[in-house]
Amino acid sequence: MAASCVALLAVAASLLLLLLLVSWKRWRQGRGKWHVIIVVLGDLGRSPRMQYHALSFVKSGFSVTLLGFCNSRPYDELLQNNRIQIVSLTELQKLPVGPYIFQYGVKVVFQSVHLLWKLICREPAAYIFLQNPPGLPAIAVCWLVGCLCGSKLVIDWHNYGYSIMGLVHGPSHCLVVLAKWYEKLSGRLSHLNLCVTNSMREDLAENWGIKAVTVYDKPASFFKEIPLDLQHQLFMKLGRTYSAFKARSEPLDPATERSAFTERDAQSGVVTHLHGRPALLVSSTSWTEDEDFSILLAALEKFEQLILDGESLPSLVCVITGKGPLKEYYSGLISQKRFQHIRVCTPWLEAEDYPLLLGSADLGVCLHKSSSGLDLPMKVVDMFGCCLPVCAVNFRCLHELMKHEENGLVFEDSEELAAQLQMLFSKFPDPAGKLNQFRKNLRESEQLRWDESWKQMVLPLVMDT
């Protein structure tokens with residue numbers, strides 16, 4: 001009996017404390033007019049679009065609190081800005097006991113309570129910006145906090161969470177069906193919705209009853225072509241950790257710096273490309289089910305065979321960057337290959353080195369197949385920002401980004417990708433070849449950058465409301 005009384009008193013005290021916090025926040029609400037909370041129920045360092053939102057808000061006079069998991073380092077510009085506060089969320093590790101549904105239920109309850117407390121304890125905000133997916137349980141929690149504290153909820157739809165779950169469990173699994181119902185219902189609670197493609201905007205309107213504004217991903221200003229001396233510095237840095245970037249032979253002059261691709265003359269300091277250098281092919285991934293890297297590996301095997309058969313093709317260094325659940329699986333497949341003319345490297349790069357790598361590469365490859373068919377690969381946006389031509393696997397709305405035979409090539413399978421690699425790298429490096437023509441087209445396209453796009457599309461929406 002005594003224990004029950006104590007428990008009831010504890011619950012009452014908690015509710016009273018919550019009410020006091022809400023009242024205090026309501027009293028201070030006027031002070032939050034120029035404050036925005038951005039919520040990512042995922043790794044902040046691997047959520048570039050939400051980092052861009054934070055920086056754009058700051059440039060427009062707002063202060064920002066950014067909530068998320070701090071597993072990877074965000075951009076330095078974000079860390080060094082005193083108007084951006086990063087609040088780390090605790091990620092509940094997988095429970096060692098019980099069926100999956102039980103483990104998932106415990107995780108959702110923990111995340112709900114934890115996120116609610118973290119939001120309630122923050123300074124009042126005019127807006128709560130939420131990345132979706134993941135939206136379970138974040139949408140409902142953010143909406144509740146918005147109601148209690150007078151903040152307006154904005155959902156930035158990158159994809160559908162239930163469709164990603166469906167890749168693992170199948171579309172008819174009870175959790176997937178429940179997640180779709182939840183996402184469809186709670187998604188209507190927001191004050192404003194942004195999305196990443198026109199196809200998603202139309203689908204949200206027709207099938208979900210949600211009105212959204214398309215805000216395409218655009219490259220940040222630091223995704224750009226890189227001078228050869230900076231490329232050389234990057235190659236030398238990466239060569240200290242990854243053998244694929246090391247020189248295949250030593251220079252005659254020991255004072256000369258040489259990488260697999262470049263060398264710096266000891267006397268003049270001038271950097272040049274090595275004669276007969278390998279081509280640098282780059283892909284990036286979160287190593288999830290919506291990217292089938294067996295397609296690339298099969299295409300590389302065909303490319304290798306072409307070289308062995310006497311075709312005039314360069315050796316390749318294939319760099320696949322990123323972290324994710326399937327990395328170990330694909331690393332195992334890669335280790336089984338016995339390539340003679342191809343080196344495959346799977347590093348995790350610092351945030352500042354990734355744009356430099358894209359700006360130094362010869363070709364990008366994208367294997368992203370949207371789980372919903374409605375989102376676009378941001379990696380291709382970044383590659384285009386560096387004027388890097390891309391070969392991308394085809395899916396439903398890719399045409400909103402890729403222009404076949406203009407800024408790259410679209411393929412359906414490994415056979416077609418291998419044929420494209422053969423055509424693009426024939427007589428490499430050929431100034432008159434397709435690769436350079438695609439790069440020239442990208443330079444002349446004068447792509448809009450994130451900051452300009454954000455000011456045109458998002459800032460008016462925020463200021464109007």
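For the pair Gln111 and Leu41, the tightest heavy-atom approach, listed with the atom from each and the gap, is OE1-CD2, 3.6 Å. Nearest heavy-atom pair, Arg188 versus Trp208, reported as atom, atom and distance to 0.1 Å: NE-O, 2.8 Å. When all heavy atoms are compared, the tightest approach of Ile295 to Ser414 is O-CB, 3.4 Å.
Around the NZ atom of Lys59, the shell of radius 6.0 Å holds more than 12 heavy atoms that belong to other residues, nucleotides or ligands. For Lys107, the NZ atom counts as loosely surrounded, since its 6.0 Å shell holds 12 or fewer non-hydrogen atoms of other residues, nucleotides or ligands. Within 6.0 Å of the CH2 atom in Trp181, the count of heavy atoms belonging to other residues, nucleotides or ligands does not exceed 12. In the displayed structure, Glu416 atom CD is contacted under 6.0 Å by more than 12 heavy atoms of other residues, nucleotides or ligands. In the displayed structure, Lys180 atom NZ is contacted under 6.0 Å by at most 12 heavy atoms of other residues, nucleotides or ligands. Within 6.0 Å of CZ in Phe110 there are more than 12 heavy atoms belonging to other residues, nucleotides or ligands. No more than 12 heavy atoms of other residues, nucleotides or ligands sit less than 6.0 Å from atom NZ of Lys211.
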Test log, rule side chain to side chain donor-acceptor pair (under 3.5 Å), inputs Tyr75 and Glu352: CA-CA 7 Å; Tyr75 294 118; Glu352 282 66 40; over 6 Å; no
Trace of the side chain to side chain contact (heavy atoms under 4.5 Å, CB included) decision for Leu367 with Leu296: CA-CA 8 Å; Leu367 294 158; Leu296 176 58; 3.7 Å; yes
Pair Arg343-Ser243, side chain to side chain contact (heavy atoms under 4.5 Å, CB included): steps then yes or no: CA-CA 9 Å; Arg343 289 192 172 195; Ser243 61; 4.1 Å; yes
Worked verdict on Leu374 versus Leu204 for side chain to side chain contact (heavy atoms under 4.5 Å, CB included): CA-CA 10 Å; Leu374 299 171; Leu204 283 168; over 6 Å; no
Trace of the side chain to side chain contact (heavy atoms under 4.5 Å, CB included) decision for Thr214 with Val196: CA-CA 6 Å; Thr214 304; Val196 293; over 6 Å; no
Worked verdict on Arg449 versus Ser221 for side chain to side chain donor-acceptor pair (under 3.5 Å): CA-CA 6 Å; Arg449 296 286 166 162; Ser221 58; over 6 Å; no
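Checked by atom type and distance alone, the side chain of Arg73 never pairs as donor or acceptor with a backbone atom of Cys70 at under 3.5 Å. Judged by distance alone, with hydrogens and angles left aside, the side-chain atoms of Ser47 form no donor-acceptor pair with the main-chain N or O of Met50 at under 3.5 Å. Under the 3.5 Å distance criterion, the side-chain polar atoms of Glu183 are matched with a main-chain donor or acceptor of Tyr162. No side-chain donor-acceptor contact under 3.5 Å links Gln85 to the backbone of Leu66. Remark: the backbone N or O of Tyr242 is not paired with any side-chain donor or acceptor of Lys246 at under 3.5 angstrom. Checked by atom type and distance alone, the side chain of Tyr182 pairs as donor or acceptor with a backbone atom of Ala140 at under 3.5 Å. Of the possible polar contacts, one joining the Asn407 side chain to the Lys403 backbone as a donor-acceptor pair under 3.5 Å is found. With hydrogens and angles ignored, the 3.5 Å screen pairs a side-chain donor or acceptor of His404 with a backbone N or O of Val410. With hydrogens and angles disregarded, a donor-acceptor distance shorter than 3.5 Å links the side chain of Gln231 to the backbone of Ile226. Looking only at distances, no side-chain donor or acceptor of Gln420 sits under 3.5 Å from a matching main-chain atom of Cys391.
At a cut-off of 3.5 Å, with distance as the only test, no side-chain donor of Asp375 or Tyr160 sits close to an acceptor on the other residue. Checked by atom type, the side-chain pair Ser72/Arg46 shows no donor-acceptor distance below 3.5 Å. A donor-acceptor contact under 3.5 angstrom links the side chains of Glu400 and Ser199, judged on distance only. With 3.5 Å as the limit, one finds a donor-acceptor pair spanning the side chains of Asn394 and Glu412. Using modelled atom types and a 3.5 Å distance limit, the side chains of Tyr216 and Asn198 yield a donor-acceptor pair.
The distance from atom CG of Leu401 to atom CG of Asp217, rounded to the nearest 0.5 Å, is 9.0 Å. The distance from the NE2 atom of His158 to the CG atom of Leu376 is 12.0 Å, given to the nearest 0.5 Å. Within the model, atoms CG of Leu144 and OG of Ser186 stand 12.5 Å from one another, a figure rounded to the nearest 0.5 Å. Annotation: the span from Met165 atom CE to Glu289 atom CD amounts to 12.0 Å, rounded to 0.5 Å. A distance of 10.5 Å separates NZ of Lys302 from CG of Leu297, quoted to the nearest 0.5 Å. Put simply, CG on Leu115 and SG on Cys142 are 5.0 Å apart, with the number rounded to the nearest 0.5 Å.
With respect to Lys369 and Asp292, no salt bridge is recorded, no charged nitrogen being found less than 4.0 Å from a carboxylate O. Taking a cutoff of 4.0 Å between a charged side-chain nitrogen and a carboxylate oxygen, Glu350 and Lys237 qualify as a salt bridge. Contact check on Glu291 versus Lys379 returns a salt bridge, with a Lys/Arg side-chain nitrogen under 4.0 Å from an Asp/Glu carboxylate oxygen.
Considering Phe57, Phe129, Tyr127 as possible partners of Phe62, the one that fulfils the ring-ring contact (aromatic ring centres under 6.0 Å, His included) test is Phe57. Checked against Phe395 for a side chain to side chain contact (heavy atoms under 4.5 Å, CB included), the options Pro377, Ser372, Ser371 give a single hit: Pro377. Tested against His368 for a side chain to side chain contact (heavy atoms under 4.5 Å, CB included), the candidates Thr288, Asp290, Leu398, Thr285 yield a single pass: Asp290. When each of His35, Lys118, Glu123 is checked for a side-chain hydrogen bond (donor to acceptor under 3.5 Å, both in side chains) with Thr65, only His35 meets the rule.
Residues Arg83 and Val64 fail the side-chain proximity criterion, which asks for heavy atoms closer than 4.5 Å. Using a 4.5 Å cut-off on side-chain heavy atoms (C-beta onward), Thr321 and Pro347 make contact. Looking at heavy atoms from C-beta onward, Lys327 lies in side-chain contact with Thr346 at the 4.5 angstrom threshold. Looking only at side-chain heavy atoms (C-beta outward), Cys149 and Ile120 come within less than 4.5 Å of each other. Annotation: side chain of Leu119 is in contact with side chain of Val39 (closest heavy-atom distance under 4.5 Å). Using a 4.5 Å heavy-atom threshold, the side chains of Leu424 and Leu409 count as touching. The shortest distance between side-chain heavy atoms of Trp157 and Leu194 does not fall below 4.5 Å. Taking 4.5 Å as the limit, every side-chain heavy atom of Leu67 sits out of range of all side-chain heavy atoms of Val40.
The distance between the ring centers of His53 and Trp450 falls below 6.0 angstrom. In this structure, Phe293 has its ring center under 6.0 Å from that of Trp287.
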